[in-house]
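These numbers were taken from a predicted model, which means no experiment stands behind them. Residue numbers start at 1 and run along the sequence shown. We count ligands from 1, going down the list as the structure has it; atoms in each ligand are counted the same way.
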Amino acid sequence: MSDCLFCKIVAGEVPATVVHETDHTLAFRDIAPKAPVHVLVIPREHHPDLAALAAADPGLGGQVLAAVAAVAEAEGLAADGYRTMFNTGRNAGQEVFHVHAHLLGGAPLGPMLAI
Ligand code: AMP
């Protein structure tokens with residue numbers, strides 16, 4: 001997808017602080033972190049959101065989840081815990097339509113939602 005920001009990060013056309021990569025996934029630090037550790041984990045292949053990824057390639061979804069766990073371990077979050085979120089669509093405030101897991105941790109994160 002030529003106009004997708006995260007595809008451009010995968011292609012190396014937009015810089016990012018990459019913390020983990022596999023043949024099929026990439027993990028990089030969020031540019032506007034909401035927690036001491038805030039990493040985005042994406043499939044290299046473009047899928048707009050979680051539903052599209054699950055429909056097209058659930059195995060790749062599993063690889064994204066495995067990468068989340070690997071990054072959490074590498075970032076020292078596993079012992080105290082962390083939060084993983086996929087925003088999907090307008091009500092969730094999704095801004096980038098290339099599916100991504102938010103991995104948040106490094107401090108107590110408070111209540112799950114503030115509506
Ligand atoms: P979402 O609202 O779930 O679509 O999340 C998109 C996330 O991408 C936000 O947390 C942004 O801060 C983050 N973001 C936007 N541009 C970049 C970038 N160039 N590098 C890293 N993270 C970014």
Side-chain angles (χ1 to χ4, degrees):
M1 286 275 294
S2 58
D3 61 345
C4 169
L5 173 62
F6 288 175
C7 284
K8 289 179 179 168
I9 288 176
V10 169
E13 295 165 11
V14 169
T17 304
V18 173
V19 297
H20 185 268
E21 50 187 324
T22 70
D23 287 350
H24 298 290
T25 68
L26 189 69
F28 52 91
R29 297 200 189 281
D30 195 291
I31 203 168
K34 305 292 191 298
V37 176
H38 187 173
V39 171
L40 303 176
V41 182
I42 67 171
R44 291 181 184 274
E45 188 173 272
H46 183 86
H47 297 277
D49 59 26
L50 182 149
L53 174 61
D57 193 343
L60 181 56
Q63 292 187 45
V64 171
L65 297 183
V68 167
V71 173
E73 185 72 38
E75 295 283 322
L77 304 180
D80 288 333
Y82 52 89
R83 184 169 293 158
T84 308
M85 290 187 335
F86 289 84
N87 289 323
T88 303
R90 185 174 56 245
N91 275 4
Q94 185 178 3
E95 294 174 353
V96 178
F97 286 81
H98 181 132
V99 62
H100 49 281
H102 292 262
L103 169 61
L104 299 144
L109 297 172
M112 189 164 66
L113 291 174
I115 295 179

Return the residue, atom name and 0.1 Å-rounded distance of the protein heavy atom closest to [atom].
atom                    : answer
atom 4 (O) of ligand 1  : Glu95 N, 2.7 Å
atom 2 (O) of ligand 1  : Gly93 O, 3.1 Å
atom 13 (C) of ligand 1 : Asp30 OD2, 3.3 Å
atom 5 (O) of ligand 1  : His100 NE2, 3.1 Å
atom 23 (C) of ligand 1 : Ile31 CG2, 3.4 Å
atom 16 (N) of ligand 1 : Leu5 CD2, 3.3 Å

Any donor and acceptor pair, going by atom type alone, linking the side chain of [X] with main-chain N or O of [Y] inside 3.5 Å?
X     : Y      : answer
Gln94 : Pro48  : yes
Arg83 : His102 : no
Arg44 : Asp23  : yes
His98 : Pro43  : yes

Heavy-atom distances under 4.0 Å decide this one: backbone, side chain, both or neither, for [X] against ligand 1?
X     : result
Met85 : neither
Asn87 : side chain
Phe86 : neither

query: Just one of Val64, Val68, Val41 clears the side-chain contact (heavy atoms from CB on, under 4.5 Å) bar with Thr84, so which one?
result: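 Output: one option passes, namely Val68.
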
message: Using 0.5 Å steps for rounding, measure from the NE2 atom of His20 to the OG1 atom of Thr25.
response: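 Reported value, rounded in 0.5 Å steps: 6.0 Å.
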
message: If the contact criterion is a heavy-atom separation under 4.0 Å, does Ala16 count as touching ligand 1?
response: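 No, Ala16 has no heavy atom closer than 4.0 Å to ligand 1.
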
task: Check if Phe97 has a non-hydrogen atom at a distance under 4.0 Å from any atom of ligand 1.
output: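 It does not, in that no heavy atom of Phe97 comes within the 4.0 Å cut-off of ligand 1.
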
query: Transitively linked via ILVMFWY side-chain contacts under 4.5 Å: Met85 with Leu50?
result: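 No, it is not one cluster - the side chains of Met85 and Leu50 are not joined through contacts under 4.5 Å.
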
message: Any nitrogen or oxygen of His102 lying under 3.5 Å from a nitrogen or oxygen in ligand 1? Just yes or no.
response: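 Yes: some nitrogen or oxygen of His102 is under 3.5 Å from one in ligand 1.
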
query: Just distances here: any N/O of Leu40 and N/O of ligand 1 closer than 3.5 Å?
result: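 Between Leu40 and ligand 1, no N or O pair is found under 3.5 Å apart.
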
Only heavy atoms of [X], strictly under 4.0 Å: list the atoms of ligand 1 that pass.
X     : value
Phe28 : 21 (C)
Phe6  : 8 (O)
Arg29 : 21 (C)
Val96 : 4 (O), 6 (C)
Ala32 : 12 (O)

Min side-chain heavy-atom separation [X]-[Y] under 4.5 Å:
X     : Y     : answer
Phe6  : Val99 : no
Phe28 : Ile9  : yes
His47 : Leu60 : yes

message: What verdict does the side chain to side chain contact (heavy atoms under 4.5 Å, CB included) test give for Val96 and Leu40, after you've listed the backbone C-alpha separation in whole Å, the side-chain angles of each residue and the deciding distance to 0.1 Å?
response: CA-CA 11 Å; Val96 178; Leu40 303 176; over 6 Å; no

